[in-house]
Amino acid sequence: MRRSNVVRENLTAWIFLLPSLIFLVMFTLYPILSTFISSFYKSDLSTIEPIFIGFDNYAIMMKDEVFRKAFINNIWFTIGTVPTSVLLGLLLAILVNRTFVGKVMSRVFFFYPVVIPMVAVSFIWLFFYTPDYGMINSILKLIGFEELNLLGNSGTALLSIIIMVIWKEAGFFMIFYLAALQNIPKDLIEAARIDGASKWRQFRSVIFPLLMPTTLFSIIIATTNAFKTVDQLVVMTQGGPNNASNLLLYYIYENTFRFMDYGRAATVTVIVLMIMVSIAAIQFFAADKKIHYS
Amino acid sequence: MNRLISISTYILALLWALPFLGIVFMAFKDSSEQGYSLTFRNFIDAWNAAPFGQYYLNTIIIVIAILSVQLITITLAAYAFARMNFIAKGFTFMLILIQIMIPSDVLIYPNSNTIAQLGIYDTKLATTIPYFISAFGIFLLRQTFKGIPYELEEAAKMEGCSRLQIIRNVYIPLAKPTYLAFGLISVSTQWSNFLWPLIITDSDENRPLTVGLSMFAKASDSGAQWGIVCAGTLFIIFPLLLAFLLFQKQFVSSFMQSGIK
């Protein structure tokens, strides 16, 4: 009787999990495995049957200028977007975590970019940046400066995109900080105040350490975003000019759908996968799991 | 001091609002006139220049299809993880965790191969199928299910309810806020999805709004058309912004829960 119950429970549970597992295998687990394997083969339009070449794809890639450029850009992009949008999120949270006229309105303004699709954000900022008709250039012209082709110039393209991403993401981290700030016990701050701590000292020694889990967590999310979102490149720069704004995922996209170099697409995918796993490992070991998974 | 902080907050808020105000300004601007005069012409022109009605319909179908399948898959899986004992439970849970670690966008290369092998390139099935499960949803719902008193399940069992009846009559009604939070995240994420549908669709019958807009904008790549492109951009944003303004609190708390996505 008991034994048959156990069998039945197992069977039911597996039936319940089956739909999820089928899609998980099809679009997450198998692809990871197959990409790994493909990265050891030469496969492009000139190769009819994929040829096993061991680590050659990796060796070729290390010497590939465009890959190196995209990799370095991605690091700059991460450095440019992560600390800034997280810190800005903290600053915005502190600014709106008070009672003042226009509190709700300000929060709405800081948060709405989070709700808008990246594609729409890209068009909005394209309109800002574009030469001749763009808003920034109109202003520059008005005050007698020369025109700037911000997205068409290899010195400013990536930076322009970084600024846009910070604008889009800061509000997201703001709401996490806002919640965290509201959870800080008032008597802790009160105690620090009575001990004669200045506002800055209260922030540095009491508030900021208590916000640490939120900070870590925001950094993880922002870093993941820096590697997984390239919608803006498709709309704004196509990775250009001269790969100045190319990022790893966009490079995968180009190799898959434009250059049809599948071996390379697979190899770069493996690299990005390894970056994702490293980020997850950092989260696992560094972040306080209790706070978000409990 | 307080006044100074308020003023800097207003300046920042204005700065944040500026890009949006800019395209609203452009979208309503009559480009044929000197100076500024209000017009709806850009919206009408955009709507007529590209099949935006079709794109809207596609996006709505895609969003609803994904959410419906997700609700079924995550409910069953979350229940199994929350309330059942079975072989390899921990291991299976770890496997699901991988989907949170590796966002599907990173897997565009192998997944597009899978779609080609299945022979479903340029179909609505292809745009939706990778999102049929959500590890994030399973996580979220499992948490909620675990918090529901087990006595309720036992009482239902006594009355002779089957597992599915228990899920339907006990768990689902009590988890409504979680379903709402998950639904908002799923809908707004899919409404915004771009890279995957861009890769996997090749006809207006299957393109969602995001991809449709980018095709349309590419075709009208000149300054005189900016008003129309801005109007088209507003087509995509408008439903999301409206939903956000109506359900502000719910949106914010849902996005906070999406942190583990």
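Letters A, B, ... are given to chains in the order of the sequence lines, protein chains preceding strands, and every chain is numbered from 1.
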Original post:
What are the two closest non-hydrogen atoms of Leu76(B) and Phe16(A), and how far apart are they?
Top reply: CB-O, 3.4 Å
**OP:** Describe, in one word, how the ring planes of Tyr10(B) and Phe100(A) are oriented to each other, choosing from parallel (under 30°), tilted (30 to 60°) and perpendicular (over 60°).
**Re:** tilted
Original post:
Between Leu126(A) and chain B, which part of the residue has a heavy atom less than 4.5 Å away: side chain, backbone, both or neither?
Top reply: both
Original post:
With chain B, which of Leu18(A), Val121(A), Val234(A), Asn255(A) has the greatest number of heavy-atom pairs at distances under 4.5 Å?
Top reply: Val234(A)
**OP:** Can you see which heavy atom on Leu17(A) is nearest to which on Phe81(B), and at what distance?
**Re:** CD2-CE1, 3.6 Å
Original post:
Relative to chain A, which of Leu164(B), Leu209(B), Ile236(B), Val106(B) shows the most heavy atom pairs under 4.5 Å?
Top reply: Val106(B)
Original post:
Out of Ile199(B), Leu118(B), Asn113(B), which one racks up the most heavy-atom pairs below 4.5 Å with chain A?
Top reply: Ile199(B)
Original post:
Which bit of Ile167(B) is near chain A, if near means a heavy-atom gap under 4.5 Å: side chain, backbone, both or neither?
Top reply: side chain
Original post:
Heavy-atom distance under 4.5 Å to chain A: side chain of Tyr131(B), backbone, both or neither?
Top reply: neither
**OP:** Could you check which of Ala280(A), Ala120(A), Ala13(A), Pro19(A) has the highest count of heavy-atom pairs closer than 4.5 Å to chain B?
**Re:** Ala13(A)
**OP:** Measure across Met84(B) and Glu9(A) and return the closest heavy-atom pair with its distance rounded to 0.1 Å.
**Re:** CA-OE2, 3.4 Å
Subject >> Heavy-atom pair count under 4.5 Å with chain B, highest-scoring of Met26(A), Arg98(A), Met105(A) >> reply: Arg98(A)
Subject >> Contacting region of Leu88(A) [heavy-atom separation from chain B under 4.5 Å] >> reply: side chain
Original post:
Is the gap between the ring centers of Trp16(B) and Phe109(A) under 6.0 Å?
Top reply: no
**OP:** Go through the structure and list residues passing salt bridge (Lys or Arg N to Asp or Glu O under 4.0 Å) with Arg107(A), not counting sequence neighbours.
**Re:** none
**OP:** Give the minimum heavy-atom separation between Thr210(B) and Val119(A), together with the two atoms involved.
**Re:** O-CG1, 4.0 Å
Subject >> chain B contact via Ser122(A) - which portion, at a heavy-atom distance below 4.5 Å >> reply: neither
Original post:
With a 4.5 angstrom heavy-atom cut-off, which part of Thr92(B) approaches chain A: side chain, backbone, both or neither?
Top reply: side chain
**OP:** Check each atom of Ser106(A) against the heavy atoms of chain B and say whether the ones under 4.5 Å are side chain, backbone, both or neither.
**Re:** both
Original post:
Do Ser192(B) and Met118(A) have side-chain heavy atoms sitting under 4.5 Å apart?
Top reply: no
Original post:
chain B heavy atoms under 4.5 Å from Thr130(A): which part of the residue, side chain, backbone, both or neither?
Top reply: side chain
**OP:** Using a 4.5 Å cut-off on heavy atoms from C-beta on, say whether the side chain of Phe27(A) contacts that of Pro110(B).
**Re:** no
**OP:** Please state whether the side chain, the backbone, both or neither of Gln248(B) comes within less than 4.5 Å of a heavy atom of chain A.
**Re:** side chain
Original post:
Non-hydrogen atoms of chain A under 4.5 Å away: do they reach the side chain of Ser253(B), the backbone, both or neither?
Top reply: neither
**OP:** Sort Leu95(B) into side chain, backbone, both or neither according to what part of it lies under 4.5 angstrom from a heavy atom of chain A.
**Re:** both
Subject >> Thr9(B), part contacting chain A, at a heavy-atom distance under 4.5 Å >> reply: both
**OP:** Please answer whether the main-chain N or O of Thr229(A) pairs with a side-chain N or O of Asp105(B) as donor and acceptor at a distance below 3.5 Å.
**Re:** no
Subject >> Ala266(A) portion near chain B, given a 4.5 angstrom heavy-atom threshold >> reply: both
**OP:** Under 4.5 Å, counting heavy-atom pairs only, tell me which of Val235(A), Val268(A), Leu273(A) racks up the most with chain B.
**Re:** Leu273(A)
**OP:** Check each atom of Leu29(A) against the heavy atoms of chain B and say whether the ones under 4.5 Å are side chain, backbone, both or neither.
**Re:** side chain
Original post:
What closest approach, in Å, do Ile124(A) and Pro19(B) show between heavy atoms, and which atom pair accounts for it?
Top reply: CG2-O, 3.4 Å
Subject >> Side-chain heavy-atom pair Phe127(A), Met26(B) within 4.5 angstrom cut-off >> reply: yes
**OP:** Could you label the plane-to-plane angle of the Phe244(B) and Phe111(A) rings as parallel, tilted or perpendicular, counting under 30° as parallel and over 60° as perpendicular?
**Re:** tilted
Original post:
Given a strict heavy-atom distance threshold of 4.5 Å, which part of Pro113(A) is in contact with chain B: side chain, backbone, both, or neither?
Top reply: side chain
**OP:** Report the option among Thr73(B), Ile129(B), Ile102(B) that has the most heavy-atom pairs separated by less than 4.5 Å from atoms of chain A.
**Re:** Ile129(B)
Original post:
Which one of Val101(A), Val272(A), Ile252(A), Thr224(A) has the most heavy-atom pairs closer than 4.5 Å to chain B?
Top reply: Val101(A)
Original post:
Heavy-atom count around Met94(B) CE within 6.0 Å, excluding the residue itself: above 12?
Top reply: no
**OP:** Under 4.5 Å heavy-atom distance to chain A, tell me which part of Ser6(B) shows up: side chain, backbone, both or neither.
**Re:** both
Original post:
Tyr109(B) and Tyr253(A): aromatic ring centres closer than 6.0 Å?
Top reply: no
Original post:
Can you tell if the side chain of Ile116(A) reaches within under 4.5 Å of the side chain of Leu240(B), non-hydrogen atoms only?
Top reply: no
Original post:
Where is the tightest heavy-atom contact between Phe123(A) and Ser214(B), given as atom of each residue plus distance?
Top reply: CZ-CA, 3.8 Å
**OP:** Answer with side chain, backbone, both or neither: which region of Leu92(A) has an atom nearer than 4.5 Å to a non-hydrogen atom of chain B?
**Re:** side chain
Subject >> chain B contact via Ser38(A) - side chain, backbone, both or neither, heavy atoms under 4.5 Å >> reply: side chain
**OP:** May I ask you to test the Phe86(B)-Thr12(A) pair for a side-chain heavy-atom distance under 4.5 Å?
**Re:** no
**OP:** Please look at Ile96(B) and chain A and tell me whether the side chain, the backbone, both or neither of the residue comes under 4.5 angstrom of a heavy atom of that chain.
**Re:** both
